[in-house]
Structure formats: C-alpha cells, structure tokens
Protein chains: 2
Amino acid sequence: MAKHDSRLDLLFTALGDPTRRAILTRLAQGAASVTELAAPHDMALPSFMKHLRKLEDAGFITSTKAGRIRSCALSADAFAPIETWLDAQRALWTARLDRHDDYVHKLYRRRQDETESEN
Amino acid sequence: MAKHDSRLDLLFTALGDPTRRAILTRLAQGAASVTELAAPHDMALPSFMKHLRKLEDAGFITSTKAGRIRSCALSADAFAPIETWLDAQRALWTARLDRHDDYVHKLYRRRQDETESEN
DNA sequence: ATCATGCTTAGCCATATGGCTAAGTTATGC
DNA sequence: GCATAACTTAGCCATATGGCTAAGCATGAT
C-alpha cells in the first residue's frame, strides 16, 4: 500500500494512537526505561514495544541501551515537520479567507457604487 | 482494537495519508466537488471516496449534495483539537526543560559555593 | 553458579486499511 | 425519454496494525 511512507505519514500515524500519545506525554516530562513507560499500560510488553518502535521509526523518540535497560527520550524538534505542515495549511486557509473577504468587500463597494449612481 | 476511537485518533490518523493531506490542501483553497477533488489522484472513485469519508468522519470536511453533485468544504477549526494537544505537549516539554535549567543552575551555584569555601 | 530482571524475537490471530471491479441510482443534458 | 455524468453500494483482495503467548538472551543481584 504505502510503499515508501513519507515522513509526515509516519509522524501523523504515530500520533493516531492513544497509547503512543500517552508515551510521548510521559516522555515530555523526562526520559524513562521501557518498563517504566510500559507500567501504566495494560498490555503485554511485546505489544507495548511495537508502539515504542513506531515512535522511534517516526523520529519522535530515541533510545539507548545501558546494560539490560533501554532508556527512551523525546527527541527535540520531532514535531517540527508537522508544525510546518499545519502552518502551511493554516496559511493557505487564511489566504483564501482574505481573498474571500476581498471579494465580498469588492462586491459591497460595487453595490454601493451602483446604489449611488441610482440616486 | 480501538473500540471507540477518540477524536484525536480520528484526526491524526486521517492526516497520516498523503492522499488525504492533499485533499485538505486543495480544500484550503476553496470548496470543490468530489470529481474535481478526485481528478489529480490516480485512483478509482470508490477508493477515493473512502478517503473523503475518513476526512468527514474526523470532522475535517463537510459535504452537501446538490443535485447529483456533492460539494466538499473544509470545516473551520477542524484542526483545533490537534493544535491544542500539540500546545499542551510543547508546554510539558518546555516546562521540563526549564526545570532542568533550574537544576543545572543550582548545581552550578552549589559547585561555586564549594569552590569558594575551599579557598 | 544460579536466578531474576529487562528486554527481544518469533510467530500467531483478528480486524482495519487501502486498493480494486462491477453494478446500481439519481440527476442533467440533448 | 434516453444517454451520460456523478456519485454510491457491495463485495473482493492483499497487506498493515495491534494485540497475544512462548521462548530466548543478556545482565545484575545473591
């Protein structure tokens, strides 16, 4: 299906799951080990690890292994691409609204001119 | 799996597909009919309609049918919930960084005090 | 040396997703 | 009124996703 998964695809779909969003929220407050992260989630470890994997694939988190403990941390700026996309989207939208305002405004003025010329 | 799909789930997963993001980008510039929207996408209509359906389920777009033509438009504020989530996320993150700065700062001062008392 | 801890790998399962074709249905246009 | 345009419905297919168990493998504690 999605054959080469653009960055945005990975980012947005990673956010499209409550478990993964919860992980990010937790990590926003500081790094943690896999078992620490998993604790609040009623889920077998391997299932949980798949979520971590997706977050890491998306670039939201990084992890390093020290001894038998893997420590996960939010990667700074991971949200940048999606913020950028959202900004662009908003820009288009407001530009369009402005044009629309403009159009309405012109209509209004034309209407006024016509009304005036009637007098 | 996801049994009752929270709003954010719908919103983010809807954005996790290039076709759907393209549709939103197109719609940001103004309303359009289904066939107009579908034109740039090399895809059978029913497949394309599924994407529209997801966008509508998520609340990103609204559509109304006039005669045989269904017209789609971006719904204002559709992005609000995800902006809110992102803001909250950012808030946590920066709060944590601040605390960290604070910690480093205290460490630094303590170190200075110790150094001074050595003299 | 042995045992528990903390992952990790492998593999299974059900459902969801994203694509398709074929066959409706409902206006419009001629 | 008949064809065409613009969806719409139904159903099929392959792959992805999100969960599981069972077993493996290092590392740390005793």
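All chains are named by letter (A, B, ...) in the order of the sequence lines, taking the proteins before the strands, and each is independently numbered beginning at 1.
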| query | Between atom CZ in A:Arg70 and atom C1' in D:dA26, what is the gap in whole Å? | reply | 13 Å
| said: Any side-chain N or O of B:Ser33 below 4.0 angstrom from OP1/OP2 of D:dA6? | reply: no
| CG of A:Leu55 versus C1' of D:dG18: gap in Å, rounded? | 14 Å
| request: Using modelled atom types only, decide if a donor and an acceptor are shared between the side chain of B:Arg26 and the backbone of B:Leu37 within a distance under 3.5 Å. | output: no
| query | Is any side-chain N or O of B:Lys65 closer than 4.0 Å to OP1 or OP2 of D:dT8? | reply | yes
| Of all the nucleotides listed (D:dG18, C:dG19, D:dT8), which has the minimum atom distance to the side chain of B:Pro46? | D:dT8
| request: Please determine if a side-chain N or O atom of A:Thr19 lies less than 4.0 Å away from the OP1 or OP2 oxygen of D:dG18. | output: no
| said: Does the plane of the ring in B:Trp85 sit parallel, tilted or perpendicular to the ring in A:Phe79? Use 30° and 60° as the thresholds. | reply: tilted
| said: Measure CG/A:Leu45 against P/D:dG19 and give the value in whole Å, please. | reply: 13 Å
| Whole-Å gap separating C1' (C:dC12) and NZ (A:Lys50) | 10 Å
| said: Looking only at the side chains, is there a donor atom on one of A:Ser63 and A:Glu56 sitting less than 3.5 Å from an acceptor on the other? | reply: yes
| Taking it one step at a time, do A:Lys54 and A:Asp57 satisfy salt bridge (Lys or Arg N to Asp or Glu O under 4.0 Å)? | CA-CA 5 Å; A:Lys54 289 214 162 179; A:Asp57 286 350; over 6 Å; no
| task | Determine the contact category for A:Thr35: base if any of its heavy atoms lies under 4.0 Å from a base atom, sugar-phosphate if only primed atoms, P, OP1 or OP2 are that close, otherwise nothing. | result | sugar-phosphate
| remark: Note: for A:Gly16 and A:Gly67 on DNA chain D, the residue whose nearest nucleotide lies more 5' is A:Gly16
| said: Taking the side chain as everything from C-beta on, heavy atoms only, tell me whether A:Leu15 gets closer than 4.5 Å to A:Ile82. | reply: yes
| field | C:dG18 OP1/OP2 closer than 4.0 Å to side-chain N/O of B:Ser47 | value | no
| Roughly how many Å is it from NE2 in B:His51 to P in C:dA16, rounded to a whole number? | 17 Å
| said: How many whole angstroms separate atom CD1 of A:Ile69 from atom C1' of D:dT27? | reply: 10 Å
| Roughly how many Å is it from CZ in B:Arg68 to C1' in C:dT25, rounded to a whole number? | 12 Å
| said: Using a 4.0 Å heavy-atom cut-off, does B:Arg53 contact any base of the nucleic acid, only the sugar-phosphate backbone, or nothing at all? | reply: nothing
| task | May I have the distance from B:Met49 (atom CE) to D:dT9 (atom C1'), rounded to whole angstrom? | result | 10 Å
